[in-house]
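Owing to the predicted nature of the structure, the values given are computational and were not obtained by experimental measurement. The figures that follow rest on heavy atoms only: side chains count, while hydrogens, waters and symmetry mates do not.
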Amino acid sequence: MAMAMNLRLSSTLACLVLLFAIGKAAEELGASFIFGDSLVDSGNNNYLSTLSRANIRPNGIDFKASGGNPTGRYTNGRTIGDIIGEELGEPNYSIPFLSPNCTGEAIRYGVNYASGGAGILNATGRIFVNRIGLDVQIDYFNITRKQFDQLMGAANAKDYIMKKSIFSITIGANDFLNNYLLPVLSIGARISQTPDSFIDDMINHLRNQLTRLYQMDARKFVIGNVGPIGCIPYQKTINQLGENQCVDLPNKLAIQYNGRLKDLLASLSENLPGSTFVEANVYALVLELITNYDKYGFTTASRACCGNGGQFAGIIPCGPTSSMCTDRSKHVFWDPYHPSEAANVIVAKRLLDGDENDISPMNLRQLRDL
């Protein structure tokens, strides 16, 4: 009897110590606030009436936390945001803002505001009917910010968000793919706006958006530049390109925008006291995977693992009727638009530990410890 009581007491103490350790670790680490598009959406679009959704099989087939069930992530497993959070020691994935569970203690480790189809500009993604653009994502963070004051007290919350939390923004590709380059919706804009003028609009909007986050106590930022969008299976398929070719115009637009983004982040770092803006060189990292895919253990960087239509299964998004590859770890792309978990792991690890060619002026472990 005494032994049983001692065992129960030991077990209870062990649980309390573990809970204390988890709480302390989270307090030291801070929260991970994720903004962006379908590259990092973890389920917000599940709660919208939208044509852009990923909560259907076989999406999520390798996502261990859900037992292989779809969660709304646009990939077979974890997003880059998930992997980075794990590696930095976050005990939980950042919870989708629109989830009914996004309240109280659940927000302590971070919140995900990203939405499939979202862009910097409000007009981006209209083809999907509903999506949460970056302006609205930041409105939602304003709600979370007030919840943190209630959760921790105003002074502690301010300290926790300013000194310990990381704000990641992965956005911009849809502004080209599902706005400027989409003739059905943007013919007026294409006629009236040069690429320079359109990119000016993007940069001006993003400046205001990042400044709004700064005004709500964000200090540690990581911003992903736009990847080589002319190389995704969808673009290769609709333009009937060969396996090792990419579409020129989308990549040129991405490169032009990325140059302007670098200048913007340098300017914000100078003008917003106490801020750190880190640029993730997604373009170079993903292009390296596409160009030298065999070096990283992949068998193709052209064909979508899950999709239908054309030479590269690159037209119809991944769903129950899609054809699916036999070895998901051998494909750079999961579907016509999004990387596989295997590709996400490689990119995430370079962002965590890479040098200034990958992420500048510091990597994510250095940003966390700043």
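Taking Tyr337 as the reference, Ile232, Tyr234, Asp335 meet the side chain to side chain contact (heavy atoms under 4.5 Å, CB included) condition, with sequence neighbours excluded. Scored by the salt bridge (Lys or Arg N to Asp or Glu O under 4.0 Å) test, Glu105 finds Arg108 as partners (sequence neighbours excluded). Asn45 pairs by the side chain to side chain donor-acceptor pair (under 3.5 Å) definition with Tyr74, Ser115, not counting sequence neighbours. Scanning for salt bridge (Lys or Arg N to Asp or Glu O under 4.0 Å) contacts around Lys349 gives an empty result, with sequence neighbours left out. Legend: residues meeting salt bridge (Lys or Arg N to Asp or Glu O under 4.0 Å) with Asp294, ordered by chain and number and at least two apart, are absent. When the salt bridge (Lys or Arg N to Asp or Glu O under 4.0 Å) test is applied to Asp135, no partner is found at least two apart in sequence or on another chain. For Gln137, the side chain to side chain donor-acceptor pair (under 3.5 Å) criterion is met by no residue, not counting sequence neighbours. Residues passing the side chain to side chain donor-acceptor pair (under 3.5 Å) test with Asp149 are Arg145, sequence neighbours excluded. Scored by the disulfide bond (SG atoms under 2.5 Å apart) test, Cys246 finds Cys231 as partners (sequence neighbours excluded). With sequence neighbours left out, Asp196 forms a side chain to side chain contact (heavy atoms under 4.5 Å, CB included) with Thr194, Gln256. Annotation: side chain to side chain donor-acceptor pair (under 3.5 Å) contacts of Asp263 (sequence neighbours excluded): none. For Phe33, the ring-ring contact (aromatic ring centres under 6.0 Å, His included) partners are Phe141, Phe148, Phe167, not counting sequence neighbours.
Relative orientation of the Phe176 and Phe198 rings is tilted, given thresholds of 30° and 60° on the angle between their planes.
Atoms OG and CZ, on Ser269 and Phe277 in that order, are 6.0 Å from each other to the nearest 0.5 Å.
Comment: Arg365 engages Glu87 in a salt bridge, judged by a side-chain N to carboxylate O separation of less than 4.0 angstrom. Salt bridge status for Lys252 with Asp248: present, with a side-chain N to carboxylate O gap under 4.0 Å.
Side-chain polar atoms of Asn112 and Ser42 form a donor-acceptor pair below 3.5 angstrom. A donor atom on one side chain and an acceptor atom on the other are found under 3.5 Å apart for Asn281 and Asn225.
Ring centers of Tyr93 and Phe63: under 6.0 Å apart, within the cut-off.
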